[in-house]
Amino acid sequence: MKILHISPDMHTGGAQKFCIDICNELAKNRDLEVVICSVEKLNDAQQIMYQKINPNVKFISLDKEGKSPFIMLKIAKMIFDVKPDITHTHTRAQMFAALGLILFGKPNVHTIHSVAHKETTKGRLKFYKFLYDFFKFTPISISDQVLKSTQALYGDKYDVKIDNGTQKLKKTVEYDKTKVFIDSLKKDNNTKIFVSIGRFYPVKNQELLIEGFEKLLEEGIDAHLIILGSLDVVPVHAQKCQALINSEDRIHLLGEKANVSDYLIESHALCFSSTYEGLPMAIIEAMSVGIPTVSTPVGGIPDVVIDGKTGYLSKDMSIESYKEALKRSIEEKQIEKESLIKHFEEHYTIEKCANAYLKLYEEKIDGNR
């Protein structure tokens, strides 16, 4: 079986991480030929993700720059050249690939990485419904809440759900250096280290995180917040967030890091403050090493962050509520690392996820014959 995954780019995002993880896992099977196509030109900013691709996975870059009017034709030619048995699209790649997939009659599965109605523009959502209703395109939801949004938007018959999966986090060669840095922040063993992962983008709502954390510090809590993520995606948003920081000795913007696992392993908790999400990869990655998440109650997050059991949810989107969730993660009985790791192993491993997709691929290929 030849499987072609199409991603718009290789930037540091959850959808890109998922694409790479599942392709690396599928490539362990010698009966499978796995290909990743990145539509956008591979530049320096995408090297962190690109370097995670296993050598057994073939990589293609179409070198798209800007809004190329010919990209659909380039993708169609790529599909013709690769001749996959099944295709799998991520984020806006479904839009770019639609022409080629229809022309050559290739079945496609499309992972919805967010709540369905927030995945793209209203016009594109109407086009996606057209693809699902009349061609060989299948939407895949990644959590119960995402499934509800998918069925509300496209119809009850679109009921395929495969929970996100990921590899268990491992220490990198930078771990010792990272641990020394984190230890230097601590007054003693009671100092709590919170980590946030994500590019500075309005939907990630880092303003809420920073303001909530500042309120936590005002109460005399001994804690530090490390924010990992590019500041260059929406500079105005990043600058707005930076201006909110009063406690520069306690809130650290470190930019994009290739070794986020090292920071998570040494943290008290992972932080999410998004206005909407699907099921963030970082949450289940943190769970894989026994680290809980403090988050806003949006999208598919409540499917995996069960308040008081696998993490902590704010009651709403207010600064005060988020501050209280951070505080509860410190003051309430600590969630056992072993229980989080067990929950991850039972539900969110990349092996379980890849096997579920492989079964779906086989069904779609059989249905296409």
Side-chain angles (χ1 to χ4, degrees), residues 7-21 36-53 59 61-68 71 90-93 95-96 113-114 118-121 172 174 177-178 181 194-214 224-264 267 270-278 280-283 285-286 295-296:
S7 175
D9 54 60
M10 285 290 112
H11 287 293
T12 51
Q16 293 87 342
K17 176 68 164 55
F18 173 78
C19 174
I20 292 170
D21 277 0
I36 294 178
C37 172
S38 176
V39 178
E40 192 174 297
K41 185 175 182 179
L42 191 67
N43 56 30
D44 291 343
Q46 301 179 54
Q47 288 299 315
I48 289 176
M49 298 306 293
Y50 170 70
Q51 290 172 10
K52 296 180 184 293
I53 300 173
F59 179 79
S61 173
L62 295 184
D63 292 338
K64 174 182 179 291
E65 292 185 294
K67 296 182 178 180
S68 169
I71 193 59
H90 303 272
T91 66
R92 63 188 185 279
M95 181 73 183
F96 301 146
H113 290 282
S114 182
K118 292 288 189 178
E119 187 182 21
T120 186
T121 63
T172 77
E174 296 291 317
K177 180 180 177 181
T178 303
F181 165 70
F194 292 83
V195 172
S196 173
I197 300 169
R199 293 180 288 173
F200 274 77
Y201 200 74
V203 68
K204 297 301 181 182
N205 198 18
Q206 284 96 349
E207 303 104 314
L208 175 62
L209 171 61
I210 292 168
E211 291 182 294
F213 203 83
E214 287 282 7
H224 287 262
L225 172 62
I226 296 172
I227 304 180
L228 306 175
S230 173
L231 298 164
D232 301 329
V233 182
V234 184
V236 173
H237 173 68
Q239 291 163 10
K240 181 181 178 182
C241 292
Q242 287 175 300
L244 294 172
I245 299 174
N246 296 318
S247 307
E248 294 183 354
D249 60 328
R250 292 281 175 165
I251 300 178
H252 314 274
L253 306 187
L254 302 189
E256 209 163 30
K257 296 288 184 180
N259 64 321
V260 294
S261 61
D262 299 332
Y263 290 90
L264 278 176
S267 71
L270 170 68
C271 295
F272 263 88
S273 51
S274 303
T275 56
Y276 65 86
E277 286 282 356
M281 294 286 284
I283 291 179
E285 286 178 325
S295 179
T296 46

Spacing of [X] atom [atom1] and [Y] atom [atom2] [to the nearest 0.5 Å]:
X	Y	atom1	atom2	answer
F194	H252	CZ	NE2	12.5 Å
Q16	M49	CD	CE	6.5 Å
E211	L208	CD	CG	7.5 Å
I36	S61	CD1	OG	12.0 Å

Could you work out, with side chain to side chain donor-acceptor pair (under 3.5 Å) as the rule, every residue matching S247, not counting sequence neighbours?
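Result, side chain to side chain donor-acceptor pair (under 3.5 Å) vs S247: E214.
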Could you go step by step and tell me if E285 and I197 meet the side-chain contact (heavy atoms from CB on, under 4.5 Å) rule?
CA-CA 11 Å; E285 286 178 325; I197 300 169; 5.7 Å; no
Working note: N205 + E207, criterion side-chain contact (heavy atoms from CB on, under 4.5 Å); need CA distance, chi angles, decisive distance, verdict.
CA-CA 5 Å; N205 198 18; E207 303 104 314; 3.3 Å; yes
Within-4.5 Å side-chain heavy-atom neighbours: [X] and [Y]:
X	Y	answer
L253	I245	yes
M10	I53	yes
L254	I227	no
V260	T12	no
T172	S261	yes

Under 3.5 Å, which donor-acceptor pairs link side chains of residues 228-243 to any protein atom two or more places apart or in another chain?
unit_1 : atom_1 : unit_2 : atom_2 : d
S230   : OG     : D232   : N      : 3.1
H237   : NE2    : Y201   : O      : 3.3
H237   : NE2    : Q206   : OE1    : 2.9

Restricting to pairs with a member in residues 250-263, which pass salt bridge (charged side-chain N to carboxylate O under 4.0 Å, His left out), not counting sequence neighbours?
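The answer is D222-R250.
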Assess the side chains of T178 and N259: does a donor N or O sit below 3.5 Å from an acceptor N or O?
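Side-chain D/A pair, T178 to N259: present.
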For [X] and [Y], which heavy atoms make the closest approach, and how far apart are they?
X	Y	value
S267	V195	CB-CG2, 3.6 Å
L270	A286	CD2-CB, 4.0 Å
H224	D249	CE1-O, 3.2 Å

Walk me through it: do D9 and R92 pass the test side-chain contact (heavy atoms from CB on, under 4.5 Å)?
CA-CA 10 Å; D9 54 60; R92 63 188 185 279; 3.4 Å; yes
F272: which residues meet the ring pair (Phe, Tyr, Trp, His ring centres under 6.0 Å) condition with it, sequence neighbours left out?
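Applying ring pair (Phe, Tyr, Trp, His ring centres under 6.0 Å) to F272 gives none.
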Run the side-chain contact (heavy atoms from CB on, under 4.5 Å) test on K204 and R199 for me, step by step, so that the C-alpha distance in whole Å, both residues' side-chain angles and the decisive distance to 0.1 Å come before the verdict.
CA-CA 8 Å; K204 297 301 181 182; R199 293 180 288 173; 5.9 Å; no
So, using side chain to side chain contact (heavy atoms under 4.5 Å, CB included) as the criterion, who are the partners of S114 when residues are at least two apart?
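Side chain to side chain contact (heavy atoms under 4.5 Å, CB included) check on S114 returns K118, Y276.
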Give a yes or no on whether the backbone of H90 and the side-chain of S7 come within a donor-acceptor separation of less than 3.5 Å.
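No; judged by distance alone, with no hydrogens or angles, the pair does not exist.
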F18 ring center within less than 6.0 Å of H113 ring center:
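Yes.
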Show me the donor-acceptor pairs within less than 3.5 Å that the side chains of residues 37-44 make with the rest of the protein, sequence neighbours left out.
unit_1 : atom_1 : unit_2 : atom_2 : d
S38    : OG     : E40    : O      : 3.4
E40    : OE2    : H11    : NE2    : 3.0
E40    : OE2    : Q46    : NE2    : 3.2
N43    : OD1    : A45    : N      : 3.1
N43    : OD1    : Q46    : N      : 3.3
N43    : OD1    : Q46    : NE2    : 3.3

Just wondering, are more than 12 heavy atoms of other shown residues or ligands nearer than 6.0 Å to CZ in F181?
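Counting other residues, nucleotides and ligands, CZ of F181 exceeds 12 neighbours.
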